[in-house]
Amino acid sequence: MLKSVRVGAEGGAKPAAVVIGVFQGAKGAAGLDPAMKKLDSSGDVAKAARRSECTGAVGNLVEAFPEKNAPAARVLLVGLGKKSDFGAAALRTAIAPVAKRLAATKDKDARFELPASKLDPKAAGQIIGEAFGLLTFDKNEFKGSATTGEGWPTITLRPTKSAPAASIKRGLGLAVSCNHARRWGFTPPNIATPDWMAKEAQRIARGTDTLSVRVIRGAALVKEKMEGHINVGKASENPPCLIRLEYKPKRAKAGAKPIVLLGKTITYDTGGLSIKPSNFMAGMKGDMCGGANTLGAMHAIATVIKPNVPVVGLLVAAENSISDEAYRPDDVLTFRNGVTVEVTNTDAEGRLVLADGLCWAEAKEKPACIIDMATLTGGVITALGSTFAGLWCEDDKLRGRIEAAAATTGERTWRLPHDESYREMMKSPCADILNSNPNRKAHPIQGAAFLSYFISDSIPWCHLDIAGVADAETEMGVIAKDTPTGWGVRLLAEYVDSL
Ligand code: BES
Ligand code: MN
Ligand code: ZN
């Protein structure tokens, strides 16, 4: 872990560490790129690159022990894989062990020398900034007096031609937004209530001059007929609220309709009366990651991207709890677009709050498009594990842009289908539709099919089921085990940047 990361001036005195990228050679061995020879007047670095353990495989880390004329006291050679395969994904994998090593060695500054490749230096700098920034996430926030604290080092990153200052700063800025989102997801549910999330949104907005926040709660929610949202939240003493953020560009494109980002923000999911078994309940503090990551994306948009199009963020925040006031299986709810829903399972609560969010977005925001993010189903974890988020989007243009953004940021998506047959599965004998077909077929797709009843076909819409990717079950690069990933913060920021 790192305490903080700074960007230093280019050039200057010898840094404590220099990181040199090496490609994997044809025979499996690495070699020092000819352009790097300028750093190595004694030939000691080249010698290290020829050592057998220096394979050049992605993330392979070898420390050179140069005797003289060294570019720094510590020289790390990091494998970048085959030059022909090298790109954003390989650098992201390669940089994680470097960042962790430099955090462990506590070197006070470091410089990166990457051989020329088809990866734009701006992209490289951003990836380096993001990696070091993500390492500053404080996973010890809730440790108390029974844990002895460690001191974490601060590092200064010195820019080079292959990792320029502005791009490192952009990466660090995105990591700040991402770490906010991760912290909200990490915060225990006795603290992170809907009201607490509203306060966090207000605090975030105060730090910008382009974000404003409105919180809709109580009688105002009733007036707005937020039927699903109110019902899901009504058993909890922590009342539900809709947190609406608006990013107003300083210089807006004339007549631009807003992009709407919508996040499932269930601050705790007990399952409600259809209660979860205890081994499935633990971890459900993370059921607000859709909203947390949406808020993180709004922060990134306001602080890093600063686009000239308006963006609205909607967080439907509620706690799915249990009491005599809880909504029940067999209840029928009438949504604001007139659709009636028979509740078959109170644990399929995410789609009920999102349905209201979609109706609200369409009726009140006149959106250019809507992108929702939700830890919606366990089924998407069964299908895609922690590698991809499920993506549903029938609009080719929107999907193309989301997929392009995903390729840039490494937050990977896999398309799943919408089809009339899945909408049929949601039909109810009693109301229009049910919230979950008990047969559990095509479970994550059912969720998307349910949501499709709450938005017109004419509005480009993308649904992202992030249940499998919101949390790191094992250490994933620079993301520590058992911490939220902030999945989607950078993806949505890059998407908005591409408009
Ligand atoms: N929040 C859960 C989905 C989830 C499961 C997220 C595991 C992260 C990890 C969601 O509200 C839920 O309970 N879904 C159920 C619905 C079912 C009972 C109708 C599911 O997917 O099993
Ligand atoms: Mn649930
Ligand atoms: Zn849930």
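The first residue of the sequence shown is numbered 1, and numbering continues consecutively from there. Excluded from the calculations below are hydrogen atoms, water molecules and symmetry mates; all remaining heavy atoms, backbone and side chain alike, are included. Order of listing sets the numbers, starting from 1, for every ligand and every atom in it.
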Checklist outcome for this item: With heavy atoms and a 4.0 Å threshold, my read on which part of Asp287 contacts ligand 1 is side chain
Next on the checklist: If the cut-off is 4.0 Å to any non-hydrogen atom of Lys264, which atoms of ligand 1 fall inside it?
Outcome noted: 1 (N), 10 (C), 11 (O)
Checklist entry - When you measure from atom 18 (C) of ligand 1 to every protein heavy atom, which one gives the shortest distance, and what is it? => result Asn345 ND2, 3.4 Å
Item to check | Minimum-distance N/O/S atom that Glu349 presents toward the Zn ion (ligand 3) | outcome: OE2
Checklist entry - Centre of Phe186's six-membered ring, under 6.0 Å away, within 45 degrees of the axis: is that where NZ or CZ of Lys285 sits? => result yes
Checklist entry - So do the side chains of Arg217 and Asp195 get within less than 4.5 Å of each other, counting heavy atoms only? => result yes
Next on the checklist: Tell me which N, O or S atom from Asp269 is the closest to the Zn ion (ligand 3).
Outcome noted: OD2
Item to check | Nearest-contact summary for atom 19 (C) of ligand 1 - protein heavy atom, Å | outcome: Ser436 OG, 3.1 Å
Next on the checklist: I need the atoms of ligand 1 closer than 4.0 Å to a non-hydrogen atom of Ala348, numbered in the order shown.
Outcome noted: 19 (C)
Checklist entry - Considering residues, nucleotides and ligands other than Arg328, do more than 12 of their heavy atoms fall under 6.0 Å from its CZ? => result no
Checklist outcome for this item: A student checking ligand 1 against Thr377 at a 4.0 Å heavy-atom cut-off should list atoms 3 (C), 21 (O)
Checklist entry - Going by the atom numbers of ligand 1, which of them fall below 4.0 Å from some non-hydrogen atom of Ala467? => result 6 (C), 8 (C)
Item to check | Check: Ser323/Glu325 side-chain N/O donor and acceptor closer than 3.5 Å | outcome: no
Item to check | Test item: side-chain donor near acceptor, Ser236 and Ser321, under 3.5 Å | outcome: no
Checklist entry - Would Asp465 and Thr377 count as having a side-chain donor-acceptor pair, cut-off 3.5 Å? => result yes
Checklist entry - Which residue from Arg351, Met284, Met281 reaches closest to atom 5 (C) of ligand 1 through any of its heavy atoms? => result Met284
Next on the checklist: Could you check whether Arg183 makes a cation-pi contact with Phe137, meaning its NZ or CZ is under 6.0 Å from the centre of the six-membered ring and within 45° of the ring axis?
Outcome noted: no
Next on the checklist: Return the closest protein heavy atom for atom 12 (C) of ligand 1 as residue, atom name and distance.
Outcome noted: Asp347 O, 3.2 Å
Next on the checklist: Among all the protein's non-hydrogen atoms, which is closest to atom 10 (C) of ligand 1, and how far away is it?
Outcome noted: Leu376 O, 3.2 Å
Checklist entry - Closest N/O/S atom of Asp269 to the Mn ion (ligand 2), by atom name? => result OD2
Item to check | Contact atoms of ligand 1, heavy-atom distance to Glu349 under 4.0 Å | outcome: 11 (O)
Next on the checklist: What I want to check is whether the side chains of Trp461 and Asp372 have a donor and an acceptor closer together than 3.5 Å.
Outcome noted: yes
Item to check | Proximal candidate to atom 20 (C) of ligand 1 [heavy atom criterion; set Gly290, Gly283, Gly378] | outcome: Gly378
Checklist outcome for this item: So the angle subtended at the Zn ion (ligand 3) by Lys264 atom NZ and Asp287 atom OD2, rounded to 10 degrees, is 90°
Next on the checklist: What is the name of the N/O/S atom of Glu349 that is nearest to the Mn ion (ligand 2)?
Outcome noted: OE1
Item to check | Modelled atom types, side-chain donor and acceptor of Thr346 and Asn320, under 3.5 Å | outcome: no
Checklist entry - Which residue supplies the protein heavy atom nearest to atom 2 (C) of ligand 1, what is that atom called, and how far is it? => result Asp269 OD2, 3.6 Å
Checklist outcome for this item: atom 16 (C) of ligand 1 has as its nearest protein heavy atom His443 CE1, 3.7 Å
Checklist entry - Going by atom types only, do Thr154 and Ser4 share a side-chain donor-acceptor pair under 3.5 Å? => result yes
Checklist entry - Taking the six-membered ring of Trp360 as reference, does the NZ or CZ atom of Lys364 fall below 6.0 Å from its centre and within a 45° cone about the axis? => result yes
Item to check | Ile381 neighbourhood, listing ligand 1 atoms whose heavy-atom distance to it stays under 4.0 Å | outcome: 7 (C), 9 (C)
Checklist entry - For Thr485 and Arg182, does a side-chain donor sit closer than 3.5 Å to a side-chain acceptor? => result no
